[in-house]
**Student:** 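Before we start, here is the structure in question, set down as structure tokens.
By convention in this document, chain letters (A, B, ...) are assigned in the order of the sequence lines, proteins followed by strands, and residues within each chain are numbered from 1.
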Amino acid sequence: MEGLLPELEIIRKDFPILERQLAGGLPLVYLDSANTSQKPQVVIDTMVDHLEHHNANISRAMHQLGAESTEAFEAARDRVAAFIKAPSRDEVIFTKNATEALNLVANTFAWASGELSVGEGDEVVITEMEHHSNIVPWQLLTERTGATLRWFGLTDDGRLDLSNIDELINERTKVVSLTWVSNMLGTINPVAEIAARAHEVGAVVVVDASQAAPQLPIDVVASGADLLVFTGHKVVGPTGIGVLWGRREVLEALPPFHGGGEMIETVTMARSTYAGIPHKFEAGTPPIIEAIGLGAAVDYLDHVGLDAVHAHEQAVTGYALEGLASVPGVRVLGPLDAASRGGAISFELDGVHPHDIAQVLDSRGVAVRAGHHCAKPAHARFGVQASTRMSSYLYTTPAEIDALVEGLNYTRSYFKVG
Amino acid sequence: MDAALDSLYQEIILDHYKHPHHAGLRDPFEAEVHHVNPTCGDEVTLRVHLSEGVVDDVSYDAVGCSISQASTSVMTDLLIGKPVDEAMQIHQTFLELMQGKGQVEPDEDVLEDGIAFAGVAKFPARVKCALLSWMAFKDATSQTLSKETS
Ligand SMILES: Cc1ncc(COP(=O)(O)O)c(C=O)c1O
């Protein structure tokens with residue numbers, strides 16, 4: 001099959017969990033990577049090595065271990081900056097996950113003074129295909145400030161409906177926040193085009209790259225984003241670590257989010273002054289080991305090459321779309337051509353509820369997700385309450401897609417449909 | 001692997017799923033509640049009608065998986081026509097079965113078709129599905145009772 005990673009078998013050996021046998025001695029077929037990715041040995045080893053040999057708090061410890069720990073933590077920042085082609089390492093802020101990064105942004109917009117401040121009469125634009133973490137923080141922001149929340153609708157084939165873009169993004173628009181790749185529909189959105197319109201009216205563009213960072217080469221400047229977030233655990237890194245990147249001017253103009261240690265310049269009982277970026281937004285002891293693990297993770301992906309990962313995802317996704325089309329009663333939600341989508345495919349199977357599908361697949365060792373995937377509005381748009389989602393990654397093989405398709409045919413016979 | 005699946009998907013469950021009993025929303029009723037399972041989005045709207053200490057009717061509109069749909073159907077069979085006290089006891093017995101991690105021996109005299117759900121208790125992710133409408137029933141009934149006393 002064209003496009004597959006040439007060293008797929010070797011890559012699979014990098015991920016120890018893929019050797020796992022499940023109940024009944026069945027091999028694991030992991031098709032839930034959009035939920036969280038598996039971790040290569042090098043990430044696990046880097047984290048364990050740090051804990052075993054270098055553990056200390058960062059910045060504030062004056063001893064040798066403290067210096068080593070600080071150096072490793074800051075080196076991880078360098079690696080992440082390289083991964084997303086950030087013009088400056090100081091523009092890379094570590095957070096707990098993408099959710100926290102989005103909440104940081106939405107809250108500081110409420111507190112900002114001057115041009116960035118969002119208040120009454122202002123508008124914030126999102127889309128109907130967002131993950132709840134890129135909906136709820138904006139609902140909170142607009143409810144608290146009296147601003148208005150608006151959104152792009154979706155077309156029947158699961159793309160953004162851009163027909164009213166010039167009306168939707170207007171001189172009242174302060175923020176446009178959208179996902180680069182949908183976690184439910186798989187759609188890859190034209191971020192740069194939308195960002196160009198937003199910049200015409202002086203709005204700030206926030207991009208949720210949680211599903212893009214794992215599978216597309218990212219160049220934050222070329223993307224058109226002013227602020228961009230992603231989460232570590234989906235890019236073969238650990239949980240507990242996320243990233244906010246922002247253009248220096250924007251980050252410097254936003255007020256702090258959390259107050260505490262590390263984010264200050266000086267503190268008196270009456271008032272404090274704040275550190276420069278990135279530390280201004282990193283109050284308290286950060287997830288040190290997790291950041292270091294993330295550094296190793298993005299290094300691993302850079303080593304394989306994001307162009308190659310993307311080609312692999314497209315090949316596997318194309319093969320999966322064909323396989324799904326061969327199962328009677330399957331309806332795929334979202335674009336049907338692999339070229340305009342990422343490696344997450346949500347679908348319905350006539351006559352069987354997603355929970356029941358996932359249960360039968362699990363009994364065969366095939367792990368998928370069932371439910372609304374934290375995208376209830378997008379499900380409602382297509383009149384479905386829940387769906388089943390398979391999602392591949394750089395370690396997914398065509399044989400695993402075959403196992404899914406066989407499992408779905410078996411599910412149909414188990415529930416006696418058709 | 002089919003044995004494990006079959007212990008979950010008993011014939012009785014699949015029958016109730018395909019042909020649910022007492023489905024639809026009916027009048028009269030004293031309380032209507034809407035419960036959702038936030039992790040998967042399963043939903044039920046459920047009405048309770050009590051008269052003279054008896055559960056006269058439980059009517060519902062539900063969307064969800066086979067387990068949650070069948071459990072709702074079985075529940076209405078069990079509870080309609082029972083004195084409220086007894087209905088609450090049956091509720092408690094079913095709850096204990098579901099939370100028993102597969103270690104509780106179901107009592108067929110009390111639970112009738114409900115014993116088919118014994119296998120569900122071994123699948124922690126599905127226990128919530130089986131309990132969705134039972135929790136809605138309890139909520140609607142206590143709302144009705146507190147209305148009566150106030
Ligand atoms: C598109 C998208 N945005 C945001 C998130 C939130 O990520 P996290 O839960 O790690 O903050 C996810 C993952 O679930 C996602 O798929």
**Student:** Would you name the heavy atoms of B:K18 and A:K416 that are closest together and state the gap between them?
**Tutor:**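 Looking at all heavy atoms of both residues, the closest pair is NZ-O, 4.2 Å.
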
**Student:** Among A:V360, A:D356, A:I357, which residue forms the greatest number of heavy-atom pairs with chain B at distances under 4.5 Å?
**Tutor:**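 Highest number of pairs under 4.5 Å: A:D356.
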
**Student:** Roughly how far, to the nearest 0.5 Å, is CG of B:N37 from NE2 of A:H372?
**Tutor:**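 Reported value, rounded in 0.5 Å steps: 8.0 Å.
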
**Student:** For B:K138, does the NZ atom have more than 12 heavy-atom neighbours from other residues, nucleotides or ligands under 6.0 Å away?
**Tutor:** no

**Student:** Side chain of A:H353, backbone of B:I67: donor and acceptor closer than 3.5 Å?
**Tutor:**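 Between the backbone of B:I67 and the side chain of A:H353 there is no qualifying donor-acceptor contact (under 3.5 Å).
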
**Student:** So, taking the atom named CG in B:L14 and the one named OH in A:Y414, what distance separates them when rounded to the nearest 0.5 Å?
**Tutor:** 6.5 Å

**Student:** Which value, rounded to the nearest 0.5 Å, describes the distance between B:R126 atom CZ and A:Q359 atom CD?
**Tutor:** 4.5 Å

**Student:** Tell me, side chain or backbone of B:Q69 under 4.5 Å from chain A's heavy atoms, or both, or neither?
**Tutor:**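 Interface part for B:Q69: neither.
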
**Student:** Does A:K376 NZ have over 12 foreign heavy atoms under 6.0 Å away?
**Tutor:** yes

**Student:** Step by step, would you call A:F415 with B:Y9 a ring-ring contact (aromatic ring centres under 6.0 Å, His included)?
**Tutor:** CA-CA 9 Å; A:F415 284 97; B:Y9 294 117; 5.0 Å; yes

